[in-house]
Amino acid sequence: LLVDEDRKQALYPAGNSSDASARVLGPDDQRGARTWVIDGRKDGFGQGTSFNVTVRWTDAVQVSWESIPQLTEGQTALAAAGASLTEIAASGSDGLDDHKYSLRGSWTGYRLQAMKVRYDKKLYEATFKIGSNRFEEFNIVRDQDLTQIIHPRHARSPIAGSHIEEPDDNLSKTWLVQGAPNESVRVRFVVKNGEFLVEVSSATGGLRRCRGGLAEVGR
């Protein structure tokens with residue numbers, strides 16, 4: 001791990017091929033060959049498993065990781081084939097959960113706009129119109145709780161290619177949608193196998209999707 005992408009400020013375990021229990025050293029340039037290892041055979045993780053890595057910087061630095069729940073093979077194939085969020089949601093029994101979701105967007109001055117439950121399509125949905133500045137920003141709030149904000153990894157991220165983070169209280173990280181004034185934008189949201197999926201469609205931007213997060217966090 002590098003601080004500010006600086007190889008002279010590396011964080012590394014005390015030993016080579018270490019697990020998350022190892023003492024963390026640095027930041028400095030003395031790492032050598034010391035690394036952490038995630039042993040999929042030992043821990044039961046299959047090929048293609050993704051992980052969230054967390055660094056906690058308190059009195060002592062701590063590094064940990066956890067696997068990200070994956071879509072089923074059928075759902076992954078649908079996504080790769082360009083299937084709509086409706087088709088992905090309909091491919092299993094879930095898609096809805098026991099929570100309520102709202103858009104928190106610039107078009108309302110960041111007041112919450114409830115997403116409608118579409119029981120027929122097993123998803124949540126909301127629409128808004130782009131203002132005269134030709135762009136809007138939004139994130140998603142669970143249960144009207146501003147400590148459970150669903151957002152991309154970076155501020156003002158485009159939908160396509162972004163990664164959804166675990167729910168937290170970060171207000172500043174939003175998705176950015178651009179288009180013509182008064183253009184209608186539809187946002188659809190699905191909870192699928194412990195993962196969040198967001199789909200945005202508009203005349204200017206077409207259909208765009210992103211995924212990630214851990215839906216069970218904050219339950």
Side-chain angles (χ1 to χ4, degrees), residues 1-73 75-77 79-80 94 97 99 104 139-143 145-176 189-198 209-219:
L1 296 170
L2 303 180
V3 178
D4 294 331
E5 301 182 356
D6 184 352
R7 293 183 180 275
K8 294 183 179 180
Q9 297 190 66
L11 297 172
Y12 51 91
N16 194 24
S17 300
S18 296
D19 61 22
S21 65
R23 183 163 62 98
V24 180
L25 303 179
D28 57 38
D29 60 354
Q30 303 301 307
R31 180 183 70 85
R34 286 174 284 188
T35 59
W36 287 280
V37 168
I38 300 174
D39 191 334
R41 291 168 296 183
K42 176 182 175 182
D43 298 328
F45 297 120
Q47 181 177 351
T49 301
S50 299
F51 291 84
N52 279 327
V53 178
T54 301
V55 179
R56 292 182 175 87
W57 204 307
T58 55
D59 293 337
V61 181
Q62 295 178 312
V63 174
S64 61
W65 52 81
E66 57 187 358
S67 61
I68 299 173
Q70 303 295 300
L71 296 178
T72 66
E73 289 185 8
Q75 292 157 1
T76 299
D94 55 351
D97 61 13
H99 297 283
R104 175 183 168 274
N139 42 38
I140 297 172
V141 179
R142 183 164 59 188
D143 294 333
D145 182 354
L146 294 183
T147 68
Q148 296 191 58
I149 298 175
I150 299 163
H151 57 76
R153 181 168 294 164
H154 305 290
R156 307 189 80 192
S157 290
I159 295 291
S162 66
H163 177 81
I164 305 174
E165 297 282 87
E166 298 174 12
D168 60 24
D169 60 356
N170 195 315
L171 298 171
S172 64
K173 294 183 178 180
T174 58
W175 284 287
L176 179 67
F189 177 73
V190 163
V191 182
K192 200 72 179 174
N193 297 331
E195 188 175 41
F196 298 127
L197 297 95
V198 174
R209 287 194 300 266
C210 61
R211 53 188 275 200
L214 292 173
E216 67 271 16
V217 174
R219 279 182 179 268

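Considering CD of Gln9 and CG of Leu1, their distance stands at 12.5 Å, rounded to 0.5 Å. The distance from the OG atom of Ser18 to the CG atom of Leu25 is 9.0 Å, given to the nearest 0.5 Å. Summarising the geometry, atom NE2 belonging to His163 is positioned 9.5 Å from atom CZ belonging to Arg211; distances are rounded to the nearest 0.5 Å. One distance of note links CG of Leu176 with NE2 of His154; it measures 14.0 Å at 0.5 Å rounding. Separating the CD1 atom in Ile164 from the CZ atom in Phe196 is a distance of 7.5 Å, to the nearest 0.5 Å. Atom CG of Asp143 is separated from atom NE2 of His99 by 5.5 Å, given to the nearest 0.5 angstrom.
In terms of heavy atoms, Pro167 sits closest to Arg142 at CG-NH2, 3.7 Å. Residues Arg7 and Leu2 share a closest heavy-atom pair of CA-CD2, 3.8 Å. Of all the heavy atoms in Lys173 and Arg153, the pair that sits closest is NZ-O, 3.0 Å. For Trp65 against Asp19, the heavy-atom pair with the smallest separation is CH2-C, 3.7 Å.
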So Arg56 and Gln62, side chain to side chain donor-acceptor pair (under 3.5 Å) or not? Walk me through it. CA-CA 5 Å; Arg56 292 182 175 87; Gln62 295 178 312; 5.3 Å; no
Leu146 vs Val141, side-chain contact (heavy atoms from CB on, under 4.5 Å): CA-CA, chis, key distance, verdict: CA-CA 7 Å; Leu146 294 183; Val141 179; 4.1 Å; yes
What do the steps show when you test Val61 against Val55 for side-chain contact (heavy atoms from CB on, under 4.5 Å), and what is the final call? CA-CA 7 Å; Val61 181; Val55 179; 3.9 Å; yes
Evaluate the side chain to side chain donor-acceptor pair (under 3.5 Å) criterion for residues Ser162 and Trp175: first the C-alpha distance (whole Å), next the side-chain angles of each, then the deciding distance (0.1 Å), finally the verdict. CA-CA 9 Å; Ser162 66; Trp175 284 287; 3.0 Å; yes
Does Val24 form a side-chain contact (heavy atoms from CB on, under 4.5 Å) with Trp57? I'd like the steps, not just the answer. CA-CA 10 Å; Val24 180; Trp57 204 307; over 6 Å; no
side-chain contact (heavy atoms from CB on, under 4.5 Å) evaluation trace for Tyr12 with Asp28: CA-CA 9 Å; Tyr12 51 91; Asp28 57 38; 2.8 Å; yes
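Counting heavy atoms of neighbouring residues, nucleotides and ligands inside a 6.0 Å radius, atom CG of Asp4 does not exceed 12 of them.
The side chain to side chain donor-acceptor pair (under 3.5 Å) test with His151 singles out one residue from Asn170, Thr174, Asp168, and that residue is Asp168.
The backbone N or O of Pro27 sits nowhere less than 3.5 Å from a side-chain atom of Arg31 that would complete a donor-acceptor pair.
For the pair Val63/Thr54, no side-chain contact is recorded, criterion being any heavy-atom separation below 4.5 Å from C-beta on.
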